[in-house]
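The structure appears right after this line, and notes come after that.
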Number of protein chains: 2
Amino acid sequence: MAASAETETPRQRYRTQVQNEIKKHAWEQIATEGTSALSLNAIAKRMGMSGPALYRYFANRDELITELIRDAYQSLADTIHAAAVDAADIRSLAQAMRTWALDDPQRYLLIYGTPVPGYRAPEDTTRIAMEIMAALLDAAGAEGLGAMPPSPLQGRLQAHLADHRGWAGAHPAKPATLHRALVFWTRLHGVLSLEVAGHFSGMGFDPAELYAAEVEAVTGL
Amino acid sequence: MAASAETETPRQRYRTQVQNEIKKHAWEQIATEGTSALSLNAIAKRMGMSGPALYRYFANRDELITELIRDAYQSLADTIHAAAVDAADIRSLAQAMRTWALDDPQRYLLIYGTPVPGYRAPEDTTRIAMEIMAALLDAAGAEGLGAMPPSPLQGRLQAHLADHRGWAGAHPAKPATLHRALVFWTRLHGVLSLEVAGHFSGMGFDPAELYAAEVEAVTGL
DNA sequence: CGCACCCGTGATAGCCTCTAACTCCAGTGA
DNA sequence: TCACTGGAGTTAGAGGCTATCACGGGTGCG
């Protein structure tokens with residue numbers, strides 16, 4: 001990332017510094033008011049300069065948001081990697097994902113929330129998404145996890161996944177592992193997204209209990 | 001709903017008719033451009049009248065969106081009720097939910113997508129949400145479903161749910177049924193929301209296969 | 001018939017994104 | 001050392017949006 005740190009001119013260093021400050025203010029605004037209320041004008045005002053100045057650093061509002069999405073993806077990938085280094089099991093990965101999501105709900109929703117119909121994700125976010133998938137596949141393929149209860153339908157899904165494993169890249173995962181990783185992702189996302197969006201808030205029970213039970217269900221799949 | 005149809009004055013009938021036309025245009029706009037791009041001005045222009053006229057029918061943009069959310073909730077509840085009348089089993093409910101979600105992704109996302117931080121859902125949407133939950137509990141409590149694999153953690157969750165069953169209202173569901181209904185909701189929502197948001201689009205496999213397998217996993221829980 | 005009410009209008013304020021023309025200064029090369 | 005180039009920031013302004021206000025005009029009620 002900082003490969004050309006020495007060849008960087010002062011101009012460039014100043015530029016990236018201002019860009020980072022803009023992003024910092026953008027994150028604050030997103031966390032409190034939501035992404036839809038993100039305003040370049042307001043950021044500029046808070047930084048003590050006039051609105052159009054920001055267009056030196058980001059071509060338009062969409063480009064800033066795209067950059068924030070990229071950063072959010074990278075942050076999630078880093079979090080998962082860090083958890084995988086500590087202990088590459090499903091439980092710690094799941095815990096890391098949950099704390100990451102609850103730490104800044106709007107950051108989570110920037111990735112997994114409502115997409116803008118016309119928006120096309122840039123190439124490298126899909127690359128990061130595949131990195132995340134690889135970490136999940138590693139954890140899902142670990143020894144000592146429960147076997148999956150046999151059923152024609154589950155077997156059919158695994159056969160289908162074995163035929164369509166492009167998303168796993170070059171990962172040498174067994175069909176059952178592909179299945180487990182996918183289910184890990186969707187089930188935990190199911191609990192997390194509803195929790196983050198506040199759909200449990202009036203229900204009274206503790207989402208953490210449900211989350212833990214779902215994590216266990218995946219390990220014993 | 002149409003209890004006072006005869007006592008309605010022509011004025012009132014015209015009023016609700018215009019309101020419905022506004023909502024119709026709003027839905028079209030949401031489906032194509034997304035909720036964040038919903039513009040009262042654009043709707044007015046398309047209806048052949050000037051912007052401020054719409055404020056006779058909705059106090060502000062938020063009130064219109066709230067009304068649309070209410071309608072979306074009601075539409076989901078109706079869909080689930082219709083499916084429950086045909087056959088009150090989990091499979092048909094799950095199928096109805098999926099077709100409803102894919103039929104208009106932005107309508108689904110209006111309920112389950114990114115919430116606006118300050119927004120507070122009105123009372124009757126939570127009432128409708130509880131109706132939906134009741135239908136889920138009915139289906140989850142049916143006879144002939146597989147027993148749940150015993151585990152201390154799953155048992156602990158069920159005990160917790162038995163202690164915090166306010167969201168079930170007066171429904172006489174066993175703890176295992178509470179558990180199954182919750183898991184039905186979160187797991188299917190996990191697959192659906194990722195599918196609707198396009199996170200599977202580049203992965204190559206068929207979400208329907210995964211969905212079917214998850215439905216089966218819930219029935220055999 | 002008269003009157004109150006509701007509907008739709010244009011004008012306007014204030015916010016936003018984004019462009020254009022301009023000034024100014026830092027860093028560069030002769 | 002000095003002229004110059006290019007990036008940074010400014011103001012002005014177009015065009016969009018939400019929302020309010022004051023004003024005509026028609027509708028339906030007493």
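Values in this document were obtained by computation on a predicted structure and should not be read as measured data. Every chain is numbered from 1 and lettered A, B, ... according to where its sequence line falls, protein lines coming before strand lines.
Not counting sequence neighbours, A:Arg56 has no partner by the side chain to side chain contact (heavy atoms under 4.5 Å, CB included) test. Looking at residues two or more places apart in sequence or on another chain, you find a side chain to side chain contact (heavy atoms under 4.5 Å, CB included) between B:Asp206 and A:His160, B:Ala208, B:Glu209. The ring pair (Phe, Tyr, Trp, His ring centres under 6.0 Å) test applied to B:His199 returns A:Tyr112, not counting sequence neighbours. With sequence neighbours excluded, no residue satisfies ring pair (Phe, Tyr, Trp, His ring centres under 6.0 Å) with B:Tyr211. The ring pair (Phe, Tyr, Trp, His ring centres under 6.0 Å) test applied to B:Phe184 returns no partner, not counting sequence neighbours. Applying the side-chain hydrogen bond (donor to acceptor under 3.5 Å, both in side chains) test to B:His25 and every residue at least two apart in sequence or in another chain returns nothing.
Taking every nucleotide of DNA chain D with any atom under 4.0 Å from a non-hydrogen atom of chain A, the first and last of them, 5' to 3', are D:dG6 to D:dA12. Of all nucleotides in DNA chain C having an atom under 4.0 Å from a heavy atom of chain A, the first and last in 5' to 3' order are C:dC16 to C:dA26.
Counting only residues at least two apart or on different chains, no side-chain hydrogen bond (donor to acceptor under 3.5 Å, both in side chains) pair has a member in residues 39-52 of chain A. Applying the ring pair (Phe, Tyr, Trp, His ring centres under 6.0 Å) test to every pair with at least one member in residues 42-87 of chain B, sequence neighbours left out, gives no pairs at all. Evaluation of the side-chain hydrogen bond (donor to acceptor under 3.5 Å, both in side chains) test over residues 82-104 of chain B, restricted to residues two or more places apart or in two chains, returns B:Ser75-B:Trp100, B:Asp89-B:Ser92, B:Arg98-B:Glu195.
A donor-acceptor pair is defined here as one N or O able to donate and one able to accept, closer than 3.5 Å; no such pair exists between the side chain of B:Arg187 and the backbone of B:Glu214.
Proximity of residues 42-58 of chain B to DNA chain D (heavy atom under 4.0 angstrom from any strand atom) is restricted to B:Pro52, B:Tyr55.
Across all strands, A:Asn41 comes closer than 4.0 Å to base atoms (heavy-atom distances).
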